[in-house]
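One structure below.
For the numbers below, each heavy atom of this structure counts, side chains included, while hydrogens, waters and symmetry mates do not.
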Amino acid sequence: MIKYILKRLMYILLALFVIVTATFFLLRLAPGNPFASERNFPPQIEEKLNETYGLNNPWYIQYKDYLIDAATFDFGESMKYKARSTNDMIAEGFPVSLTLGIEAMLLAIGFGVLIGVVAALYHNRYPDYLATTFAVLGISVPSFILAGLMQYFLAYKLQLFPISGWKGFSYSILPALAIAFSHMGFIAKLTRSSMLEQNNSDYVKMARAKGLGKWTVVFRHTLRNALLPVVTYLGPLTAGVVTGSFIVEQIFAVPGLGKHFVQSITNRDYTVVMGTTVFYAIILLFAVFIVDILYSVIDPRIKLKGAKK
């Protein structure tokens, strides 16, 4: 286990290095600069700003400085907001995004597994058809389109929820549902397929032959094995929740980290873009790492170091 963890941590560091390098050079190759939109800046002031932020240095000096800063988690000062550091913006926005993301993940996993189990238990019957239709719709409709529809009908027309803002739990329900809906459909399909496969296995047939009820068989036997594909999806789910929240946070005016990320791209704010990218990359890489560890918890037959031949 320790050998496997150390090996995966080395891969995570390598992946972070590649992400930092790619982000740095892609931003430098993009046309424009952080001060291009400031039309009233005299050339002398713009030159002074470039010198202050090190933009006049050769690319390899800038690259070396940024690698050192990223290694110490010092992402520098924002180039567009006076006296605002990237670390402060992350500390301010991430708790909001984390709250919204956890709520969306709980909704996606909880309802997705429940819908998948019901669909498998009532295979080729009305609940199965209804659940399959729901899953297909969830996968097909993008989160930002669903966010606009929910905002218009549920918040504006029916006035069941606040339209936008972040002033309490009720303000988080619609954005969390918008993010969770597509993942909920995918998890439902995964759970349904896995449950149907488990229902045809010998141990389930034996349990039913002993007279156990179908829900008892589900909770005691099939569900744990059927959840393995869902656990596999937790890594992509984390990525989808994080990236999906960027636009949804903008639509619902949620003051999360996604808002700063989108604005920093528009403003060509190099330090904020690279800082938030590295921060999100760390979260996603460790999410995938934790998922791999969970494999052995759910199914002890899976060996992290690989099966011996």
Side-chain angles (χ1 to χ4, degrees), residues 90-119 131 134-156 158 160-192 227 229-263 276-277 279-291 294:
I90 291 175
E92 175 188 296
F94 180 65
V96 176
S97 295
L98 180 63
T99 302
L100 184 60
I102 291 176
E103 188 175 340
M105 289 183 69
L106 291 176
L107 288 171
I109 296 171
F111 284 102
V113 170
L114 177 62
I115 293 169
V117 169
V118 171
F134 174 85
V136 171
L137 285 175
I139 296 172
S140 304
V141 180
S143 60
F144 60 89
I145 293 179
L146 182 63
L149 293 174
M150 293 170 64
Q151 195 175 46
Y152 179 75
F153 288 105
L154 298 180
Y156 177 70
L158 300 178
L160 298 176
F161 301 97
I163 294 179
S164 63
W166 189 262
K167 299 178 182 179
F169 175 73
S170 61
Y171 288 81
S172 68
I173 296 176
L174 287 186
L177 282 174
I179 297 171
F181 195 70
S182 61
H183 304 290
M184 196 185 301
F186 198 85
I187 290 175
K189 287 183 67 68
L190 280 177
T191 306
R192 176 183 179 273
L227 283 179
V230 177
V231 174
T232 306
Y233 183 64
L234 288 181
L237 171 62
T238 305
V241 166
V242 169
T243 56
S245 67
F246 291 169
I247 305 302
V248 173
E249 285 181 9
Q250 288 285 91
I251 294 174
F252 287 98
V254 176
L257 191 54
K259 174 184 176 182
H260 293 309
F261 184 76
V262 173
Q263 290 179 345
T276 51
T277 300
F279 182 74
Y280 273 130
I282 292 172
I283 294 175
L284 299 182
L285 289 171
F286 274 97
V288 175
F289 172 68
I290 293 173
V291 166
L294 286 176

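No hydrogens or angles considered: nothing links the side chains of Q151 and S164 as a donor-acceptor pair under 3.5 Å.
Between L237 and V230, every side-chain heavy-atom pair lies at or beyond the 4.5 Å cut-off. The shortest side-chain heavy-atom distance between W166 and L100 falls under the 4.5 Å cut-off. Using a 4.5 Å cut-off on side-chain heavy atoms (C-beta onward), P175 and E249 make no contact. Under the 4.5 Å side-chain criterion, counting only non-hydrogen atoms from C-beta, T191 is in contact with V117.
Qualifying side-chain hydrogen bond (donor to acceptor under 3.5 Å, both in side chains) partners for T276, counting only residues two or more places apart in sequence or in other chains: none.
Atom OG of S97 sits about 11.0 Å away from atom CD1 of I102, to the nearest 0.5 Å. In this structure, the separation between CD1 on I187 and CG on L234 is 7.0 Å, given to the nearest 0.5 Å. The distance from the CG atom of L284 to the CZ atom of F289 is 15.0 Å, given to the nearest 0.5 Å. With rounding to the nearest 0.5 Å, the separation of CZ in F252 from CD1 in I179 is 8.5 Å. Distance check, rounded to the nearest 0.5 Å: CD1 of I163 to CG of L154 gives 11.0 Å. Separation of atoms CE (M150) and CG (L158) is listed at 11.5 Å; rounding is to 0.5 Å.
Taking a 6.0 Å sphere around CZ of F279, one finds it holds more than 12 heavy atoms contributed by other residues, nucleotides or ligands.
The shortest non-hydrogen separation linking L177 to L146 is O-CD2, 4.2 Å. Taking both residues in full, the closest heavy atoms of L107 and M184 are given as O-CE, 3.7 Å, listed atom of the first, atom of the second, then distance. A pairwise comparison of heavy atoms in P162 and A155 identifies O-CB, 3.8 Å as the closest pair. Across all their heavy atoms, V254 and G165 have their closest contact at CG2-O, 4.3 Å. The minimum heavy-atom distance linking I139 with K189 is given by the pair CD1-CD, 3.4 Å. Residues S143 and V248 approach most closely at OG-CG2, 4.0 Å, considering heavy atoms.
Here the two rings, on F161 and Y171, have centers that are 6.0 Å apart or farther. Between F246 and Y280, the distance separating the two ring centers is shorter than 6.0 angstrom. Checked against the 6.0 Å centroid threshold, F134 and F181 count as a close aromatic pair.
The side chain to side chain donor-acceptor pair (under 3.5 Å) pairs that include a residue from residues 172-184 are E103-S172, H183-Y233, where partners are two or more places apart or lie in different chains.
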Take F94 and I283, measure what side chain to side chain contact (heavy atoms under 4.5 Å, CB included) needs, and give me the verdict at the end.
CA-CA 11 Å; F94 180 65; I283 294 175; 3.4 Å; yes

